[in-house]
Number of protein chains: 2
Amino acid sequence: MSGEDAPAQQQNAVDQKQETKPAEEPKTESPKTESAPAGAAEAAATPAATTEKVPEEEAFTYRALVLTGYGGYDKVKLQVKKGKPALKAGEVLVRVKACGLNFADLMARQGLYDRLPSPPVTPGMECSGVVEAVGEEVTDRKVGDKVMVLNRFGLWQEVAVVPANHTFLIPEGMSFEEAAALPVNYITAYMMLFDFGNLRPSQSVLVHAAAGGVGIAATQLCKTVNDVTVFGTASASKHETITQGGVTHPIDYRTKDYVEEVRKISPKGLDIILDPLGGSDTHKAYNLLKPMGKLITYGAANMLAGQKKNLLAVAKNWYHQFSIHTLSLIQGNKSVCGFHLGYLDGETELIAQAMSTILDLYKQGKIKPRIDSTWHLEQVGDAMRKMQERNNIGKVILTTEPMPEEEKKEEPKKEDKKEDKKKEDKKKEDKKKDDGKKEEKKDDKKKEEPKKEEKKEEEKKEEAKKEEK
Amino acid sequence: MSGEDAPAQQQNAVDQKQETKPAEEPKTESPKTESAPAGAAEAAATPAATTEKVPEEEAFTYRALVLTGYGGYDKVKLQVKKGKPALKAGEVLVRVKACGLNFADLMARQGLYDRLPSPPVTPGMECSGVVEAVGEEVTDRKVGDKVMVLNRFGLWQEVAVVPANHTFLIPEGMSFEEAAALPVNYITAYMMLFDFGNLRPSQSVLVHAAAGGVGIAATQLCKTVNDVTVFGTASASKHETITQGGVTHPIDYRTKDYVEEVRKISPKGLDIILDPLGGSDTHKAYNLLKPMGKLITYGAANMLAGQKKNLLAVAKNWYHQFSIHTLSLIQGNKSVCGFHLGYLDGETELIAQAMSTILDLYKQGKIKPRIDSTWHLEQVGDAMRKMQERNNIGKVILTTEPMPEEEKKEEPKKEDKKEDKKKEDKKKEDKKKDDGKKEEKKDDKKKEEPKKEEKKEEEKKEEAKKEEK
């Protein structure tokens, strides 16, 4: 996963940039084409669709999502790449089945994640698939192996070339969707809790965004240790699910001050706090630590306000960025750690060790990725929106499976529409409640702002859908 | 060890302040009196020495070291207290046999340690002794128990009243001196390495001041884990000893840049760094960490330059004080922790757990406190000097045993004089070498300055000794 390991096809493949405009009829005879959804251009060709006789290398085409510039959901476009990527020694070519969405992908789209090279570039840090070819010197992978892949970027496409040691064999019984949901969230949660956090029996942990991918993974991993108390923040509608998942004390961060809620139950504070928020929430977390407590910060979700880079949110996050003096750490007997898997380039051994333990836990039935929803590549914009607006419970997945024509273009592949409608109504209620409150808790509610900002857009779409029916 | 637990006799005992001037003949008939050494007033009475009939409570006297004001070594004076301290529920009265010296005691003497109440006050965070009385509600200690004691302060005296849960039974075969050397250094090293550090097999650790009390404890504890590489800084004359003690790579910080030396052997950096120095050394440590590395800072020894508070050194330390932003931690995947046992007041359970493991390791023969030298209470000034000038290898201990009259007043109770002389010569050589060097490494050498400053005094004393013979 080092810089040198950037997917080979970035260089090898001929980028055709065959974007079709939404209303335009695709020129190729692909049976899979349909009018493009808002926010994502669609496939223009599949390997089977090329009719002229061309050398095999050139005839090889595949669909890839490409970030074409920083900005909103529509900046990630579906393109067709031509030419079979060459394999270097130690690499494998994977036919991708499913891809995971991560918060870093959302940050990257806005230009807030420096591990993704400048556009145009294919994002994607994790996927699952089948090994289709192996390069020289690859001894532990063979054609046909089902694998999950972890890479710095470049996995949101039908074909990916990666170093063999960035792949992990999928255990018996694990679906491709689960396999695409596992690497980033579980390795992140595992290393935070068990390497930096040194989690031990009877300790207490605060998991923010407990219904998110890392949140669910962290909760499950906490439950592998005896008698661990998990405080989990999430909006009220998700409490039932996260409680079933292992959260001891769910806290609705929208209507309550989570610091107060934790203190009511754990007056002395907490042993471990996982902080994906950044800004002023990191300060709160630090003050909530017990002696010998560990604060592990792993993101700056508070920076993400709205579809496009929100300079105010970014500035606010910087302004409130937590900075700590050693004297304070000494007098408090505290630990502050930073984690981001994207910066663990080249630490293949550390990652392999963590993955090995995680897969053992999976085989023992102690952990299981929870899939929130699965979307076609064409729907990547909506998939990102769902995650960014925190409407997911668990992992948001992309599938490379072709999208059936009859399927409504803006709907997720699998999802209960009624559920969605109910949530929408709930959100409106919540909004009313929130509006009635004083603005005292501004800082706490930064996470909510994106939702409010895009409310109108959301409502318009909702109405549009109703009209369609 | 909370504030409320301050030794009861501070309030109960009548402070007699019977300091005698160095040349003056003591007025009481104590058989133990002798002319006071420079830097410490001596005992004026012992319980047996009172001839008049007085109630038992009043007849009870004991010697206590008292910090009379902030400053040099002579600020710690030996006084006689009168009156048997009362026991509250949960407390025990310990007849003290030996006391440990710690760096915090040296800081405290200069007014640099806020856990010690204002003078006059008896310092001392650890001791060993025998339980002489138990208060109400004490069920797990009885008269005659040999115990080691950990307290916020107040243990450098012949009699100490402490909460029973601040005492730990001394295991079979452990001397009082070892028992007085164990609590602070081993709990500190243990919690840093195994709680914050999460030390695991095949990792690498940098131990500064590897010949000091914490350094030796940390080295021994590292060796209880398979295949751990220990880098240890110490002056060259101590290398043989620390290597025998388990240091894999000794580094002479006086003549070499320890960062360069570590990089030569571990180009990627280190897993754990224990930093007692503070200031610019903390910055160096941070940069020396591997991904997932942990920096544990536990002091500001760099602040201690000379006998009395050195405002320049303190200011320099503050100026260079390490401060870290979360973004840097995230991008580096690093952890920064602060530890100081003195601030772990009230965490009796955590401490008891650590102590239990440490005593198990002792019983298994895996750890053993190394005593550098033992001094009488009258010699506390010289004992502190030895530690502050880093002439010790292992723990500096005070004994409450009366000082035989024939014993030379300025010499430690047990110590090889020739050894000392050799070291003295060695120091002179080192000094010459050092002087010849350029001042490039000023920051690295702050620790050396006290030695140079007091060189003349040292030399004068050395000459005085020669004349005496």
Inset, instruction - Please report the closest heavy-atom contact between A:Pro291 and B:Leu344, naming both atoms and the distance. - result: CB-CD2, 3.6 Å
Legend entry - Pairwise distance CG(A:Leu295) to SG(B:Cys337) - rounded to 0.5 angstrom: 11.0 Å
Legend entry - Under 4.5 Å from a heavy atom of chain B, the part of A:Asp275 involved: neither
Inset, instruction - Locate the shortest heavy-atom distance separating A:Phe196 from B:Ser335; write the atom from each residue and the value. - result: CE2-CB, 3.5 Å
Inset, instruction - For residues A:Val336 and B:Val336, determine if any side-chain heavy atom of one lies less than 4.5 Å from a side-chain heavy atom of the other. - result: no
Inset, instruction - Look only at the side chain of A:Asn198 and the backbone of B:Phe194, and say whether a donor-acceptor pair between them is shorter than 3.5 Å. - result: yes
Legend entry - Heavy-atom proximity to chain B below 4.5 Å, by part of A:Leu350: side chain
Legend entry - B:Asn333 side chain vs A:His340 backbone, donor-acceptor pair below 3.5 Å: yes
Legend entry - Greatest number of heavy atom pairs closer than 4.5 Å to chain A - which of B:Gly332, B:Gly338, B:Gly197: B:Gly338
Inset, instruction - For A:Thr282 and B:Thr326, work out which heavy atoms get closest and say how close. - result: CG2-CG2, 3.9 Å
Legend entry - Part of A:Lys294 within contact of chain B (heavy atom distance under 4.5 Å): side chain
Legend entry - Structural part of A:Lys268 lying under 4.5 Å from a heavy atom of chain B: side chain
Inset, instruction - Answer whether the closest heavy-atom distance between the side chains of A:Met292 and B:Glu347 falls below 4.5 Å. - result: no
Inset, instruction - Please look at A:Tyr298 and chain B and tell me whether the side chain, the backbone, both or neither of the residue comes under 4.5 angstrom of a heavy atom of that chain. - result: backbone
